[in-house]
Amino acid sequence: MYEQNTQSNYDDIFKRLVKAAYNGDVEQEINKIHQEGNETADKYALYASGGGDPNQVVFKVKDCAGDCVQKTGEDCEASCLFNAVVRDMEGNVVIKHNNCSGCGKCVEVCKNYSLVDKKEFVPIIKLLKDRKQPVFAIVAPAFIGQYAPEITPGKLRAAFKRLGFYGMVEVALFADILTLKEALEFDRLVTKEDHFMLTSMCCPIWFSMVKRVYKDLVPHISPSVSPMVACGRGIKFLHPGAKVVFVGPCIAKKAEAKEEDIKDAVDAVLTFKEVDQIFGVVGIDPAKMSEDPSEHSSTAGRIYARTGGVSKAISDTLNRLWPERKIKIRAIQADGPKDCKEVLKEALEGKIDANFLEGMGCPGGCVGGPRSVADVETGTKRVNEYGSEAESLTPVDNEHVMDLLKHLGIADIHEFLDSEKAAMFIRDFM
Ligand code: SF4
Ligand code: SF4
C-alpha cells in the first residue's frame, strides 16, 4: 500500500484521519498506518494530521529522482519565486526554509508528490466535537461556484454547522470593510499625478514578492491587513474566545495565517478541495441541507475573488465617496506570478502608467487558486453573477457593513485613518 506515494494517497490518508478523528480514534488510525511499514505513509500521516514544525506549511516527504522536469515539463526549482528550492549533489530537492514564503507553488508542480502542504483540519475536529468554544468557518470570496450550482451560500452554511462549526461568515463582508479603508488610503496617499499605491494585500504571494524581492516598493503598500485577517480579528472581537478557520483556494493562505504580526487572527486554514473531501468522508451532502441564509456583502467585496475585482471595488467606492475628486484610480492588474514579477519590476523602474497596482499570484485571481474545486471560467462567472446579485454596489450604501463597523468600534469611515480605532485593520509593512 502507498508504494506510489501519490497525492491521492496523501489525500486518502487525510480522509482516513478525518473519519477517525470524528470517531475519536485518530491515534489508533495513525498507528495502523505506521504498522503498514511505509516511511512515506508515516510522513503523510504526520502532515495530514497537522503535525510537523508549527511555523512551516510546505514539507519535503521523500527524496526524488530529479527526473521530473524531463517527464512532466514542470520544475519545482523554477516555480519558486524566492529561490528557496535547490538541488543537492544527488539531484534531490532541498527547501531552504529561511527563503521559503510558503506560497505552495512548488507543491503545485511536484508530480512525484515529494512535497506536500500541511493539512490543518484534524486538530480542529476536537474543538468542533467538544463545542466548548465557538468555531467559525470564514469562507473566501471565491467560495461561490466552487461546489455544485444547487449549493447556495445558505446550504453551505448549514453544512458547516453540521460539521460542528458555530457559523459561517463570508470574508466578502470584510473585503467590503477593507474596500472602504483602501479608498481612504488612496485618497491619503495619491495626491499627485505621479503618486502610486500598491494594494491587493489579500494575496500573500503578491505581498511576499514585494517584501522579499522588490523591497523598495514597500513604502507604496497601503498599510492594511487582508480581508481574511480582518474577518478573523473582527469575529474574535465580537465573540471573545472564538476560534476561526479560514476556507480558501490556496496553500499560500496557510502561510499568511502563521505570520508573526497577524497570527492572532486565524487558527487554521482549509482549502476548498479539503472541505469537499471532508464533506464526502463524513457523509454530508451540502446540496441536501436546508437554507440558512445570511448574505450581506456588497458587489465590491464579492468580486475580490477574480483579477480586477479589487481595483473595480475600490475605484467604485472612491467615486461614490468623492465623485468630484480629480485624480481617479488608474489601475493595472498583475495576473499570475510572471505578470506580478513584470509589473513590480516596471514599477520599480518608474515605467508604470498607473496609480493603483493590484496583484494576484494565480492567473484569474483566487478563482484560479491551486486548491479550487471549480475551473477558473466557472468560478469567474459565478463570482460576477453573485456580485451583481448584491443589494448594494459599494459598502458605502450597505447598511449591514456600516452597522458591523459600529460594532467594531468605527463610528465614521474617516476613523480608518485613526491608528488606534482602526488597529485591527492596520498592518505595518515597513
Ligand atoms: S513554498 Fe513557495 S517559496 Fe517555499 S519553496 Fe515552495 S515555491 Fe518556494
Ligand atoms: S491569487 Fe492565488 S495565491 Fe493569491 S490569495 Fe488568491 S488563491 Fe491565494
Side-chain angles (χ1 to χ4, degrees), residues 47 52-53 55-61 64 74-87 93-110 114-118 138-143 146 171-172 175 178 199-213 225-229 231 246-259 266 269-273 303-311 333-341 358-376 379-380 383:
Y47 304 130
D53 185 329
N55 297 314
Q56 221 174 289
V57 171
V58 172
F59 296 88
K60 180 178 145 181
V61 173
C64 61
E74 303 261 37
D75 181 358
C76 57
E77 210 177 341
S79 75
C80 181
L81 300 159
F82 305 97
N83 298 322
V85 180
V86 292
R87 289 190 186 272
V93 159
V94 177
I95 296 180
K96 286 162 53 185
H97 285 289
N98 284 348
N99 289 9
C100 176
S101 71
C103 71
K105 288 286 175 198
C106 55
V107 178
E108 275 177 59
V109 302
C110 180
S114 305
L115 304 173
V116 296
D117 57 309
K118 186 195 302 206
I138 63 170
V139 294
F143 84 97
Q146 285 301 312
V171 173
L178 264 299
T199 188
S200 204
M201 292 307 133
C202 46
C203 179
I205 291 187
W206 170 249
F207 70 66
S208 290
M209 286 174 79
V210 178
K211 270 195 322 188
R212 289 164 183 255
V213 186
V225 297
S226 66
M228 172 184 84
V229 170
C231 187
F246 176 76
V247 180
C250 65
I251 298 167
K253 282 287 184 188
K254 295 186 182 185
E256 183 194 346
K258 292 176 177 41
E259 291 196 22
V266 168
V269 173
L270 308 182
T271 67
F272 292 141
K273 269 200 182 138
I303 60 173
Y304 264 54
R306 50 97 172 153
T307 297
V310 178
S311 310
Q333 288 98 23
D335 192 27
K338 205 166 148 260
D339 225 21
C340 286
K341 239 177 175 174
E358 171 194 323
M360 290 288 190
C362 300
C366 297
V367 285
R371 293 293 190 258
S372 300
V373 177
D375 60 61
V376 64
T380 307
V383 162

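Each ligand, and each atom within it, is numbered from 1 in the order the structure gives.
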Whether C203 has an N, O or S atom under 2.8 Å from atom 4 (Fe) of ligand 2: yes
For C80 against A84, the heavy-atom pair lying closest together: SG-N, 3.2 Å
Atom 7 (S) of ligand 1: nearest protein contact (heavy atom, Å): C106 N, 3.4 Å
Minimum heavy-atom distance I303-V383, with the two atoms named: CA-CG1, 3.9 Å
Per atom 8 (Fe) of ligand 1, closest listed option by heavy atom (G361, S208, P337, C80): C80
N/O/S from C362 sitting under 2.8 Å away from atom 2 (Fe) of ligand 2: yes
V93 and C76: CA distance, side-chain angles, deciding distance, side chain to side chain contact (heavy atoms under 4.5 Å, CB included) verdict: CA-CA 8 Å; V93 159; C76 57; 3.5 Å; yes
Atom indices of ligand 1 within 4.0 angstrom of F82 heavy atoms, with elements: 3 (S)
Any side-chain heavy-atom pair of C64 and R87 under 4.5 Å: yes
Candidate with minimal heavy-atom separation from atom 1 (S) of ligand 1, of C76, G104, A78, S79: G104
C202 neighbourhood, listing ligand 2 atoms whose heavy-atom distance to it stays under 4.0 Å: 5 (S)
Atom indices of ligand 1, in the order listed, that fall short of 4.0 Å to a heavy atom of S101: 3 (S), 4 (Fe)
Those atoms of ligand 2 less than 4.0 Å from some heavy atom in P249: 7 (S)
Atoms of ligand 1, numbered as shown, that sit under 4.0 Å from any heavy atom of A84: 5 (S), 8 (Fe)
Donor-acceptor contact below 3.5 Å, side chain K105 vs main chain G361: yes
Closest protein heavy atom to atom 4 (Fe) of ligand 1, given as residue, atom name and distance to 0.1 Å: C100 SG, 2.3 Å
Per-atom contacts of ligand 1 with G102, taking only distances under 4.0 Å to non-hydrogen atoms: 1 (S), 4 (Fe)
Note, P337 side chain near P363 side chain (heavy atom, < 4.5 Å): yes
Least distance between heavy atoms, A257 atom then V269 atom: CB-CG2, 3.8 Å
Proximal atoms of ligand 1 relative to V58 (non-hydrogen, under 4.0 Å): 1 (S)
Distance-only polar pair, side chains of S226 and E256, donor-acceptor under 3.5 Å: yes
Option set G368, P370, C366, A305, criterion heavy-atom distance to atom 6 (Fe) of ligand 2, minimum: C366
For the student: nearest non-hydrogen atoms of G368 and C362, plus distance: O-CB, 3.7 Å
Per-atom contacts of ligand 1 with C103, taking only distances under 4.0 Å to non-hydrogen atoms: 1 (S), 2 (Fe), 3 (S), 7 (S)
Of the listed options A252, P204, G369, closest to atom 5 (S) of ligand 2 (non-hydrogen atoms): P204
Exercise: identify the closest heavy-atom pair between C103 and I251: O-CB, 4.1 Å
Per-atom contacts of ligand 2 with I205, taking only distances under 4.0 Å to non-hydrogen atoms: 3 (S)
Where F272 and A142 come nearest, the two heavy atoms and their spacing: CZ-C, 3.8 Å
For V85, atoms of ligand 1 separated by under 4.0 Å from a heavy atom: 5 (S)
